[in-house]
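Bear in mind that the values here come from a model prediction, so they are computed numbers and not experimental data.
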Amino acid sequence: MIDVALCIVTAHDPWLVVLAVIVCCVGAFAIAQMFGRAQVTSGVQRIGWLFLTAVGAGATIWCTHFVAMIAFKAGVPVTLDPVLTIGSLIVAIVGTGIGFGIATWRHSLIHSIVGGALVGAAIATMHFAGMAAYRVDGIVAWRGGYVVAAITCAVVFGAAALSALGSEKLGRYRVVTGSLLLVTAIATLHFVAMTALRITPLQLSPSALDPRQMQALGLATAMVGLVVIAAGVFAAMIDRWTRTDAMQRLHHMAMNDALTGLPNRASFQQELSRQLAGGRASGAQIGVVAVDLNRFKEINDIHGHKAGDDVLVLLAQRMRNEMGHDDSVARLGGDEFVAITRFDDRAQLVAFANRITAALNEPLSIGAFAARVGASIGVATYPHDASDAETLTNNADLAMFRAKNQGMVAPCFYDAPLDEAIRDRRELANDLRVAIEGDMLEVHYQVQSSVTTNKVTGYEALVRWTHAERGAISPTVFIPIAEENGLILMLGEWVLRRACTDAAGWAHETKVAVNVSPLQLAHGELPRLFHEVMLETGLPPRRLEIELTESAIMTNRTQALHVLRQIKALGVGVALDDFGTGYSSLETLRAFPFDKIKLDRLFAAELESSPQATAIIRAVLALGKSLSIPVLAEGIETEQQLEVLRREGCDEAQGFLLGYPQLQTAPTLAKRVPVAKNGTRNAARRIRKAA
């Protein structure tokens, strides 16, 4: 090793040696950067990065070699063979390209070792090919031991370099480690191989090139190599900057609303968690303000979605302008927003919520229309109302829902006794959704029969729900919840399919009646649903009847009558339910040929005590006969009520006297209702037995 060191110091130009080392170090770092990009890309991109890596590696090895060769003081005339010189560069590029390609073929240690060994072999091949281009006026001899040592160093350190660059364990240090090992592979190969060289001069004469010319050639070679290397470095840097910029844009898109530019739900949750952590440390109070716009749907429906988007952008900017240093506002989706503020006393929180309210209540002037939107606002605070982010947000939502349901203009602050009822309804709505989707509801059937013959004319399908924890829940509770939470269409379709499926399996041809809500009637696809269900279940249309109230028709009379005509055209019967309450408009009876009128149970309950109720029933029965529409009386619970109906000429009846709603199987449905002679209790008992 002493001989080698002396040889390096005394037989080389130190300035050119330093320049060669600089070229080698810069090139190795560039190679590591470009090879790293090749490892994480695929397809054409990987091929492109492998090409740049091979060119950079070839230029680094070639320039390091020839600058160091020019620095070598041979003491005899020296010339360079241009063909072999260029050939050695091609060897370096092709050889390292193959090695880097194998190292990236599979992400495994064995591929890194084999590829690195080939890179080391390419370094050695380039060196000795370059030495063949180095022509001296003397006898050249090589010492085999040093040659073997040089090649071994190149192969071993090359394999170690690519193994380090492919190692996940080194983390951020792998580039530095890989670069140093690559420099070691190139440097040890060159200087150990040069130590193996022995030149015996044939004549003592100056070099073929002037020393200053040799230095200039070495500098030019280094500059060319550095330019090539720099091109690769800048390519990697530009790619990294581009990816960083793209990642920043993607992060912004992921954390911000595309329309308004406000933070989105994910960003809001992060900010709220940060604020709560700060509040726990400092003892500060945090307020969450939930915002839901009031008349936004009207703007969308009347002026279009473009106008709706403009409104959202303008209102988002207004709310942003009201934010202080520690405040933030986010858009959760649709017309829902949420704001966070830090406060010391309640007056600050009230002022903050009032500023948002005022900003949202100001008139809007966008394009050709002007409007006032307004909002329902709910407020919850930490630590008074909740101690964690999720509960705090939910409580603000509950207060906002209460503000919306009660039509409150001012912000509504969370009140546990009042808002727990809303939470309970929301939980019940979620359970109802699960029950519908999981087929956990039941359909009970209540008999309808002829007043004169006692013959069963049909059954009304009534949905029932037994909650796993709460027990039986009345339809008067869960049906309004279904309407409030957008579940009524799903529930109505489930009942329709179940009733038609059951009726199709009955052993007789009686009708089944299904109730239709106003929201269902407003849905234009309802006739298509009836058609599909009857085709699927095989139930004839004449055996299906829908029941709807007049209020359902009056919600949108034109649309409702259009839908009813389509359903009736399928052959399905249509009954007007709860007649005698609500509108009870004769115009409705004139405009649409109903197949049945169902008299509200209120009148049947007063038949035994109120002559006015009897007179009204008599009038309705006369109206039905004049229009050729059968009349069914609901709520019949006593024999006396049934007798009055029989005397007045009522067509059909329904009530507990005739049968309670029951979960009945198809083969056991009664074809005829037994008429009680000994009171209501015995009649009901006989009905249950018959059913």
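Between D388 atom CG and Y382 atom OH the span is 10.0 Å, to the nearest 0.5 Å. Annotation: the span from L487 atom CG to M490 atom CE amounts to 5.5 Å, rounded to 0.5 Å. Summarising the geometry, atom CD belonging to Q285 is positioned 8.5 Å from atom CG belonging to L349; distances are rounded to the nearest 0.5 Å. Here the CD1-SG distance, from I22 to C63, works out to 13.5 Å after rounding to the nearest 0.5 Å. Taken from CD1 in I377 to CG in L293, the straight-line distance is 9.0 Å, to the nearest 0.5 Å. Taking OG1 from T195 and CZ from R143, the interatomic distance works out to 7.5 Å, rounded to the nearest 0.5 Å.
Nearest heavy atom pair, residue T188 against residue T184, reads OG1-O, 2.5 Å. Heavy-atom minimum distance, A396 versus A380: N-CB, 3.5 Å. When all heavy atoms are compared, the tightest approach of L50 to A38 is CD2-CB, 3.9 Å. The minimum heavy-atom distance between I93 and T96, with the atom names listed, is O-OG1, 3.2 Å. Here the closest heavy-atom approach between residue A124 and residue I151 is recorded as CB-CG1, 4.1 Å. Nearest heavy-atom pair, F296 versus G308, reported as atom, atom and distance to 0.1 Å: CE1-O, 3.2 Å.
The closest donor-acceptor contact from the side chain of R37 to the backbone of W49 lies at 3.5 Å or more, if one exists at all. Using modelled atom types, one side-chain atom of N395 and one backbone atom of D385 make a donor-acceptor pair closer than 3.5 Å. Judged by distance alone, the side chain of E336 and the main-chain N or O of L332 form no donor-acceptor pair under 3.5 Å. Looking only at distances, a side-chain donor or acceptor of T104 sits under 3.5 Å from a matching main-chain atom of G101. Side-chain atoms of T391 never come within 3.5 Å of backbone atoms of S387 as a donor-acceptor pair (strictly under, hydrogens ignored).
The closest side-chain donor-acceptor pair between R331 and N256, if any, does not fall under 3.5 angstrom. Defined by atom type and a distance below 3.5 Å, a donor-acceptor pair is present between the side-chain atoms of D257 and T260. With 3.5 Å as the limit, one finds a donor-acceptor pair spanning the side chains of Q275 and R342.
Within the 4.5 Å cutoff, the side chain of F268 has no heavy atoms near those of the P263 side chain. Two residues are said to be in side-chain contact when any heavy atoms from C-beta on lie closer than 4.5 Å; R46 and V40 fail this criterion. M319 is listed as a side-chain neighbour of L360, based on a closest heavy-atom distance under 4.5 Å. The shortest distance between side-chain heavy atoms of M323 and F352 falls below 4.5 Å. In this structure, the side chains of V329 and L262 come closer than 4.5 Å at one or more pairs of heavy atoms. Counting heavy atoms from C-beta on, the side chains of L259 and L312 come closer than 4.5 Å.
Other residues, nucleotides and ligands place more than 12 heavy atoms under 6.0 Å from the CD atom of E437.
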Go through F128 and W142 one step at a time and tell me if the ring pair (Phe, Tyr, Trp, His ring centres under 6.0 Å) criterion holds.
CA-CA 11 Å; F128 290 107; W142 296 91; 5.5 Å; yes
Let me see the working for D327 and T341 under side chain to side chain donor-acceptor pair (under 3.5 Å), right down to the final yes or no.
CA-CA 5 Å; D327 307 331; T341 185; 2.7 Å; yes
